[in-house]
Amino acid sequence: MFGDLYNLLYVYYGNLEWWPSETDDETVIGTILTQNTSWKNVEKALKKMKENHVYTLDEIATTDQERLKELIKSSGFYNQKSRYLLTVSKEITEKYGNLPGMKNKDMKEIEGFIMGLDGVGNETMESIMLYALDYPVFVVDAYTLRFFKRFYGKEFSRKEIRNYAEEEFSEIDQLKNFHGMIVNLGKDFCKKTPVCKSCFLRNDCLYGKH
DNA sequence: ATCCTGTTGG
DNA sequence: CCAACGGGAT
């Protein structure tokens with residue numbers, strides 16, 4: 001299904017260092033902070049959190065919300081995101097102790113638990129599963145839905161895309177890179193108002209051909 | 001002036 | 001389905 005597309009993207013983008021972060025805790029924090037927010041602004045917040053030693057789920061769980069708001073201000077939506085960070089950190093540490101305690105468990109159980117966290121929807125859950133916990137999950141975001149609709153000229157549901165991708169790519173690295181390449185494509189060419197003329201997929205994309 | 005690796009509550 | 005959340009970069 002997506003094999004040919006993967007190769008086309010790979011020729012252009014190659015292996016991306018996707019979801020750069022020093023620790024799995026930072027990855028989880030990043031998935032929440034980057035919701036509808038540019039990564040540049042998230043980096044500022046992560047830097048501040050690190051400098052102030054509010055950088056692990058344990059540290060966040062015992063931090064005052066007002067202080068958290070100041071630290072993550074640059075990533076926007078700080079009122080809700082500070083609340084999400086607190087509840088997510090508390091619930092994870094209370095139930096599993098830490099992120100390693102969530103690895104190598106029944107995938108559906110962990111997925112259900114994460115989806116139940118306030119502030120965590122499909123994309124954030126999938127990102128945590130794949131990038132912080134190493135489960136073979138494909139991340140379906142707004143870029144993916146928009147790009148696939150144009151490229152294949154047909155609307156796919158999140159569920160369909162996840163199923164196809166996870167069926168086809170069993171390797172964690174492939175799932176990571178496929179998502180990473182799609183996000184980059186969405187920022188470089190397949191934007192809200194697409195730049196098809198200079199896009200390397202213009203001859204393969206149903207929308208790019210007209 | 002517009003957009004950003006979304007999610008929630010109405 | 002849709003308004004609301006929000007500072008920062010381009």
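Letters A, B, ... are given to chains in the order of the sequence lines, protein chains preceding strands, and every chain is numbered from 1. Because only heavy atoms are used, hydrogens play no part in the values below, and waters and symmetry mates are left out as well, while side chains stay in.
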Rounded distance in Å - [atom1] ([X]) to [atom2] ([N]):
| X | N | atom1 | atom2 | answer |
| --- | --- | --- | --- | --- |
| A:L33 | C:dC5 | CG | C1' | 14 Å |
| A:L145 | B:dG6 | CG | P | 11 Å |
| A:K73 | B:dC4 | NZ | C1' | 19 Å |
| A:D141 | B:dG6 | CG | P | 6 Å |
| A:W39 | B:dG6 | CH2 | C1' | 14 Å |
| A:K48 | C:dG8 | NZ | C1' | 13 Å |
| A:N122 | B:dT7 | CG | C1' | 10 Å |
| A:R146 | B:dT5 | CZ | C1' | 11 Å |

Specify whether A:F147 and A:F151 have parallel, tilted or perpendicular ring planes, treating 30° as the upper limit for parallel and 60° as the lower limit for perpendicular.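 Tilted, since the angle between the ring planes falls between 30° and 60°.
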Should [X] be listed as having a side-chain N or O under 4.0 Å from OP1 or OP2 of [N]?
| X | N | value |
| --- | --- | --- |
| A:Y78 | C:dG6 | no |
| A:K81 | C:dC5 | no |
| A:S38 | B:dT5 | no |

Considering heavy-atom distances to DNA chain B, does A:N41 or A:L117 have its closest nucleotide positioned more toward the 5' end? A:N41
Between A:T193 and A:V120, which is nearer to the 5' end of DNA chain B once each is assigned its nearest nucleotide? A:T193
By centroid distance (under 5.5 Å) and plane angle (under 30°), are A:W18 and B:dT5 in a stacked arrangement?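 Stack criterion met.
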So, are A:E94 and A:K90 salt-bridged, with charged N and O less than 4.0 Å apart?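 Salt bridge flag = no for A:K90 with A:E94.
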Between A:R67 and A:E70, is there a side-chain N and carboxylate O pair less than 4.0 Å apart?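 Answer for the salt bridge query: no.
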Could you work out the separation of [N] and [M] based on their [atom1] atoms and round it to a whole Å?
| N | M | atom1 | result |
| --- | --- | --- | --- |
| C:dA3 | B:dT2 | P | 16 Å |
| C:dT10 | B:dT5 | P | 12 Å |
| C:dG8 | B:dT7 | P | 23 Å |

A:Y13 versus A:D188, side-chain donor and acceptor atoms under 3.5 Å: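 Their side chains do contain a donor-acceptor pair, which is all the 3.5 Å distance test asks for.
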For a quick check under 3.5 Å, do A:T27 and A:D24 share a side-chain donor-acceptor pair by atom type? no
I'd like to know if A:T37 reaches the base of C:dG6 with its side chain, counting only an N/O donor and acceptor under 3.5 Å. yes
Let's see if you can work this out: which of [options] has an atom nearest to the side-chain heavy atoms of [X]?
| X | options | result |
| --- | --- | --- |
| A:Q80 | B:dC4, B:dT8, C:dC5 | C:dC5 |
| A:Y143 | C:dG6, B:dT8, B:dC4 | B:dC4 |
| A:W19 | C:dG6, B:dT5, C:dA9 | B:dT5 |
| A:T34 | B:dG6, B:dT5, B:dC4 | B:dT5 |
| A:N79 | B:dG6, B:dC4, C:dG6 | C:dG6 |

Donor-acceptor pair, distance only, cut-off 3.5 Å: does the side chain of A:E168 make one with the backbone of A:G3? yes
Hey, does A:S75 reach any base, or is it just sugar-phosphate, or nothing, if we go heavy atoms under 4.0 Å?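 Base: the residue A:S75, judged by heavy atoms under 4.0 Å, touches a nucleobase.
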Checking all strands, does A:K191 fall into the base, sugar-phosphate, or nothing category for heavy-atom contacts under 4.0 angstrom? nothing
When the nearest nucleotide of DNA chain C is assigned to A:N36 and to A:K44 on a heavy-atom basis, which residue is associated with the more 5' position? A:N36
